[in-house]
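Data block below; observations after.
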Amino acid sequence: MTPTSLTLHPAFKLNGLDFSSAEEVLNFTDNLLEDGNEQEVSVAKFIEKWLDFTEEISVKTSGSTGKPKSIKLTKQQMVHSAKATGTYFKTGSGTQALLCIPADYIAGKMMVVRAMVLGWDLHVVQPSKDALVEYDNDYDFVAMVPYQVSHSLEALPKVKKLIIGGGAVSKALEEQLQQLPTEAFATYGMTETITHIAVRRLNGPARSDQYTALPDVKFTQDDRGCLVIHAPNISKMAVVTNDLVTLHSPTSFSWLGRQDNVINSGGVKIFPETIERELEAQLGLPFIIASEPDETLGERVILIFEGDGDSLPNFKEAFQQLEAYQRPKKVYRLSKFPYTETGKIKRGGVLQVLRNYKR
């Protein structure tokens with residue numbers, strides 16, 4: 001039996017078009033390859049790969065926590081992931097969905113897979129910051145990054161269910177979501193777990209600080225306190241992460257930060273991501289929290305921001321909301337941060353630039 005006969009739902013639509021067979025889908029993707037925009041070409045190439053006779057798909061990681069790499073996922077694992085999303089969010093056949101994140105990466109590819117597997121009508125648009133604003137359609141399910149959400153708040157009532165990934169959701173953005181009818185969720189996952197394996201409700205009566213597992217996913221911790229993911233349908237091996245968590249149950253946790261980012265200052269463990277979440281709304285510019293050696297504390301907290309020196313925020317005032325041990329002891333400015341292709345700050349790259357700058 002071919003992958004095509006296993007995974008192409010008869011109700012699948014692309015930009016409102018029906019298809020009676022895989023051949024019709026491939027004829028349409030041929031047209032997209034010739035006349036489509038960059039996003040449509042990426043979708044077409046992926047669909048053609050999906051409908052061939054191979055069992056695996058090669059995908060690339062974002063490179064936000066290390067050098068980008070290519071990994072192989074089986075199509076059957078991706079089918080299981082799609083079905084888990086459909087079950088959790090109750091998005092079955094006929095779901096109107098929007099693809100407005102890049103189709104070159106796993107998050108975008110999985111929107112296409114969900115459409116083909118679950119029978120969605122998928123609307124494909126360029127991944128611009130205000131993609132949702134540009135169209136009048138109503139959608140049942142949309143995936144976006146925080147930057148897009150912040151530029152689409154007035155248009156979000158057109159969306160029933162929204163998942164947000166690709167970066168942390170700031171406290172300010174989370175508060176802006178409270179008055180909207182859209183069911184908004186933060187997601188937790190990575191390329192190796194075929195996107196999200198846990199979600200956290202951001203607004204409404206079900207709002208929570210805890211991430212809840214998707215179907216057939218369980219959690220444990222290693223001796224560092226880092227999350228270990230057990231999802232046999234999408235990974236034969238347990239996925240050991242560098243994410244420090246508070247484990248509430250085998251299916252729920254609260255995320256604290258990356259183990260490799262933890263700062264030990266005077267014997268106190270400080271999570272840079274927690275400070276960044278507190279400061280993001282006040283500073284309004286790209287920055288990271290990191291550390292540097294200190295003779296007394298061992299490590300001291302520092303802030304590094306991207307800017308040219310004009311109209312700088314009031315750092316002293318912003319720091320007042322932090323606990324004393326969390327407040328950066330020094331602030332550095334770099335003219336330009338290194339970013340991944342998906343727009344994430346390369347934390348390690350920033351620190352390397354700073355080291356070169358301080359020499």
Side-chain angles (χ1 to χ4, degrees), residues 1-12 14 19 21-23 25-26 29 42-89 91-93 95 97 99 101-120 122 124 141 143 163 165-166 187-199 213-220 227-241 251 341-342:
M1 185 175 289
T2 68
T4 297
S5 60
L6 281 171
T7 61
L8 190 60
H9 196 289
F12 167 57
L14 191 61
F19 305 99
S21 66
E23 288 70 24
V25 175
L26 292 172
T29 57
S42 293
V43 169
K45 287 181 178 179
F46 174 69
I47 291 176
E48 293 198 345
K49 183 63 178 176
W50 183 261
L51 296 179
D52 67 17
F53 291 91
T54 60
E55 296 182 355
E56 295 180 328
I57 294 282
S58 292
V59 295
K60 53 185 177 180
T61 62
S62 66
S64 58
T65 58
K67 186 177 180 180
K69 61 182 179 180
S70 179
I71 63 174
K72 289 186 177 181
L73 305 171
T74 71
K75 292 175 180 177
Q76 192 57 58
Q77 288 171 329
M78 297 169 80
V79 169
H80 284 307
S81 175
K83 289 182 176 179
T85 294
T87 299
Y88 188 92
F89 290 104
T91 50
S93 175
T95 292
L99 173 58
I101 53 178
D104 285 339
Y105 291 89
I106 186 62
K109 293 182 190 301
M110 281 307 300
M111 286 294 289
V112 181
V113 174
R114 292 169 197 141
M116 292 190 291
V117 171
L118 303 175
W120 291 359
L122 184 67
V124 177
F141 191 83
I163 60 172
T187 61
Y188 175 87
M190 59 207 74
T191 305
E192 292 82 352
T193 61
I194 315 180
T195 68
H196 54 262
I197 44 79
V199 298
L214 264 63
D216 301 315
V217 176
K218 294 288 190 292
F219 306 121
T220 57
L227 187 71
V228 180
I229 303 165
H230 306 270
N233 287 337
I234 60 176
S235 176
K236 293 180 181 179
M237 303 287 290
V239 178
V240 180
T241 75
T251 57
E341 291 182 34
T342 54

| field | Expected output: side-chain Thr29 to main-chain Leu26 donor-acceptor under 3.5 Å | value | yes

Closest non-hydrogen atoms of Ser70 and Ser58, given as atom of the first, atom of the second and distance, are OG-CB, 3.9 Å

Within-4.5 Å side-chain heavy-atom neighbours: Thr91 and Arg114: no

- With a 4.0 Å cut-off, would you call Asp52 and Lys75 a salt bridge? yes

- Task: For the residue pair Val113 and Ile194, establish whether any side-chain heavy-atom pair is separated by less than 4.5 Å.
- Result: no

Residues Val217 and Ala213: closest non-hydrogen pair is O-CB, 3.5 Å

- Item | Close side-chain approach of Phe89 and Val199, heavy atoms under 4.5 Å | yes

Main chain of His196, side chain of Thr187: is a donor-acceptor contact present, judged purely on distance under 3.5 Å? no

Note, Leu118 side chain near Thr95 side chain (heavy atom, < 4.5 Å): no

Less than 4.5 Å apart, side chain to side chain, heavy atoms only: is that true for Thr193 and Tyr188?
no

Note to self: Within the structure provided, determine whether Phe141 and Ile163 are in side-chain contact (heavy-atom separation under 4.5 Å).
What the structure shows: yes

Given the options Lys109, Glu192, Met110, Val59 meets side-chain contact (heavy atoms from CB on, under 4.5 Å) only with Lys109

**Request:** Measure from the side-chain N and O atoms of Thr241 to the backbone N and O of Leu227, and report whether any donor-acceptor pair falls under 3.5 Å.
**Result:** yes

